[in-house]
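Worksheet: one structure, shown below.
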Amino acid sequence: MLSPRFLLLRSTASLTSRSFSVGAVLKQGKAPDMADGNPLLHVSNVRNRLREIVGASTNWSDHQQAMSERLSLSDMLAKSQDDLPLKRMKDSRLEVHLPLGSEPQLREKYLTFHNTVRFGRILEDLDSLAVLISYSHTYNPALKKTPLSIVTALVDKIDMRQHIIYPDCDIKFSGHVTWVGKTSIEAKMHMSQYQNGAYSPILDATFVMVARDPENKRAAYVNPLKPEGPEEEKLFQEGEANKVRRVELSTASLLKVAPTDEERKIVHGLFLNTLDTKTVSFRSRLLPPNSVWMEDAKLKGLEICHPQERNIFNRIFGGFLMRKAYELGWANACSFGGCRPSLMAVDDILFQKPVEIGSLLLLSSQVCYTQGNHIQVRVHSEVFDPLTRQHNTTNVFHFTFISDREVPNIIPMTYGESMLYLDGKRHFNQTVDP
């Protein structure tokens with residue numbers, strides 16, 4: 001059951017006061033570089049470009065045949081990274097345009113009921129752009145089709161520079177490869193929106209991609225990257241530091257090691273704060289004022305994965321998974337806080353396994369940490385096989401939302417919930433104090 005607060009939602013004045021029925025506002029949102037006739041890469045053409053690169057078909061029946069034909073491309077894979085030419089950051093630099101102000105007919109796909117932009121759609125566009133940037137880095141003009149299957153491994157970070165994205169102003173995405181390993185690629189992207197005669201930054205995103213063979217079964221080498229100049233060298237070193245940080249975070253995961261001394265004190269303090277002082281019992285628990293049990297801060301959903309949502313490799317599109325997880329997480333935060341929250345950051349989205357066409361995708365959203373007017377939400381996705389009754393985790397998503405009012409404290413009851421609480425606190429701290 002959703003909280004009664006879900007029925008009492010209120011929109012902030014900044015969201016509802018803006019109307020795009022005024023011609024002057026629309027003109028302000030039309031960027032001159034998106035005028036008719038300019039040879040710009042339109043957001044709707046990104047996935048078409050990707051299909052051309054890998055030789056995928058737009059039709060479901062032909063698509064399966066095209067994917068089977070990719071098996072013959074395995075001989076074109078490099079035997080080592082040394083066999084591949086060096087690439088520069090500018091080789092992968094791309095700019096993609098989403099003309100919401102210039103093309104009103106495009107707006108409906110991105111529009112919410114409250115006249116804002118659906119951030120889940122933005123996640124889909126970012127995912128497609130990250131793949132295209134990676135293919136631009138590995139581009140070989142001698143090949144008609146690439147033998148590489150490049151997929152998203154991790155959304156390392158998405159930092160919001162503004163909380164409001166207007167539905168009547170043109171948007172520009174830009175990005176390029178900033179670091180590579182032997183088989184992995186880091187791509188940084190920026191999104192800006194045209195307002196009052198200039199572009200304003202909206203978000204910064206870092207994705208980690210991995211290259212696989214044509215069957216998407218084993219790792220494949222990618223071109224090495226040569227930074228040029230101090231600025232590019234700094235970006236490359238940041239990529240190295242990000243890799244080290246990810247290894248350290250994985251090593252310190254609460255699924256592998258015990259909490260720190262400080263974290264154990266936090267958990268014990270939460271436990272003591274819920275004990276019934278009238279009894280001498282560890283089992284008698286009382287909910288403190290202005291608090292919600294973690295068990296009562298969940299939302300769940302189910303998606304049937306149809307061919308329409310496939311990617312160029314005949315699996316479910318990662319951007320679709322992110323959109324569904326975000327929308328469920330947002331609804332959970334909205335229900336919990338009693339008002340429409342704004343996204344503050346997306347952190348550490350891990351793609352553990354691909355989702356096959358026809359899967360039953362189970363999504364479970366949990367408010368796992370709160371502080372002031374901030375809400376940390378974790379969304380877990382898994383595929384369920386009704387024949388074998390097996391559940392397999394595919395993704396874990398972390399979202400940080402901010403509300404315009406103080407939100408209740410979230411209180412864990414079990415040890416497992418306490419670990420969720422500490423994990424949420426870690427992700428929140430990384431967001432507010434990176």
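In what follows, every heavy atom counts, from backbone to side chain, and hydrogens, waters and symmetry copies are set aside. Bear in mind the structure is a predicted one, so any value in this text is a computation, not a measurement.
- Judged by a 6.0 Å distance limit and a 45° cone about the ring axis, K172 is not positioned over the six-membered ring of Y194.
- Of the N and O atoms on the side chains of Q376 and T400, at least one donor lies less than 3.5 Å from an acceptor on the other residue.
- Of all the heavy atoms in P412 and R285, the pair that sits closest is O-NH2, 3.6 Å.
- For an aromatic pair to be called close, the ring centres must be under 6.0 Å apart, and F428 with H374 satisfies this.
- We find the OG-CD1 distance between S291 and I411 to be 4.0 Å, quoted to the nearest 0.5 Å.
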**Message:** For R245 and E248: C-alpha separation, side-chain torsions, deciding distance, then whether salt bridge (Lys or Arg N to Asp or Glu O under 4.0 Å) applies.
**Reply:** CA-CA 5 Å; R245 174 181 53 83; E248 291 175 347; over 6 Å; no

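- Side chain to side chain, S250 and K256 meet the donor-acceptor criterion of an N or O pair below 3.5 Å.
- In summary, the side chains of S381 and N395 do present a donor paired with an acceptor at a separation below 3.5 Å, with no hydrogens or angles considered.
- For D213 (side chain) and N216 (main-chain N/O), a donor-acceptor pair under 3.5 Å exists by modelled atom type.
- H398 places no side-chain N or O within donor-acceptor distance of the main-chain N or O of G424, the cut-off being under 3.5 Å.
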**Request:** Decide yes or no on side chain to side chain contact (heavy atoms under 4.5 Å, CB included) for M294 and L420, but give the supporting numbers first.
**Result:** CA-CA 9 Å; M294 188 177 285; L420 280 176; 4.1 Å; yes

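- In this structure, NZ on K157 lies 6.5 Å from CD on Q430, to the nearest 0.5 angstrom.
- The main-chain N or O of K217 is found under 3.5 Å from a side-chain atom of R212 such that the two form a donor-acceptor pair.
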**Message:** I'd like to know whether H42 forms a side chain to side chain donor-acceptor pair (under 3.5 Å) with S44, so could you lay out the CA-CA distance, the side-chain angles of the two residues, the decisive distance to 0.1 Å, and finally the verdict.
**Reply:** CA-CA 5 Å; H42 194 285; S44 63; 2.8 Å; yes

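- Under the 30°/60° scheme for interplanar angles, the aromatic rings of F401 and F399 are found to be tilted.
- The closest donor-acceptor contact from the side chain of S136 to the backbone of L132 lies under 3.5 Å.
- Contact check for W293 versus T274: side-chain heavy atoms found under the 4.5 Å cut-off.
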**Message:** Apply side chain to side chain contact (heavy atoms under 4.5 Å, CB included) to residues L270 and Y421 and explain how you reach the verdict.
**Reply:** CA-CA 10 Å; L270 289 169; Y421 180 92; 3.6 Å; yes

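- Using modelled atom types and a 3.5 Å distance limit, the side chains of Q193 and D170 yield no donor-acceptor pair.
- Defined by atom type and a distance below 3.5 Å, a donor-acceptor pair is missing between the side-chain atoms of R118 and T112.
- Ring geometry, F384 versus H391: the interplanar angle falls from 30° to 60°, so the pair is classed tilted.
- Taking SG of C305 as the start and CD of Q308 as the end, the distance is 12.0 Å to the nearest 0.5 Å.
- In this structure, L50 CG and N45 CG are separated by 11.0 Å, a value rounded to the nearest 0.5 Å.
- Side chain to side chain, H427 and D347 meet the donor-acceptor criterion of an N or O pair below 3.5 Å.
- Panel note: side chain Q81, backbone G181; a donor-acceptor pair is recorded below 3.5 Å.
- Side chains of Y110 and D125: a donor on one and an acceptor on the other come within 3.5 Å.
- For the residue pair K188 / T206, a side-chain donor-acceptor distance below 3.5 Å is found, with atom types taken as modelled.
- The CD atom of E382 sits 5.0 Å away from the CG atom of L362 when rounded to the nearest 0.5 Å.
- Without hydrogens or angle criteria, W179 side chain to Q237 main chain gives no donor-acceptor distance under 3.5 Å.
- A donor-acceptor pair is defined here as one N or O able to donate and one able to accept, closer than 3.5 Å; such a pair exists between the side chain of D91 and the backbone of R88.
- Side chains of R426 and N429: no donor on one and acceptor on the other come within 3.5 Å.
- With hydrogens and angles disregarded, a donor-acceptor distance shorter than 3.5 Å links the side chain of T370 to the backbone of P408.
- In this structure, F119 has its ring center closer than 6.0 angstrom to the ring center of Y326.
- A donor-acceptor pair under 3.5 Å links the side-chain atoms of N373 to the main chain of S403, judged by distance alone.
- There is no side-chain donor-acceptor pair under 3.5 Å between Q352 and T394.
- S365 and N332 form a side-chain donor-acceptor contact under 3.5 Å, judged by distance and modelled atom types alone.
- Proximity of a side-chain donor or acceptor of N242 to a complementary backbone N or O of E238 within less than 3.5 Å is detected.
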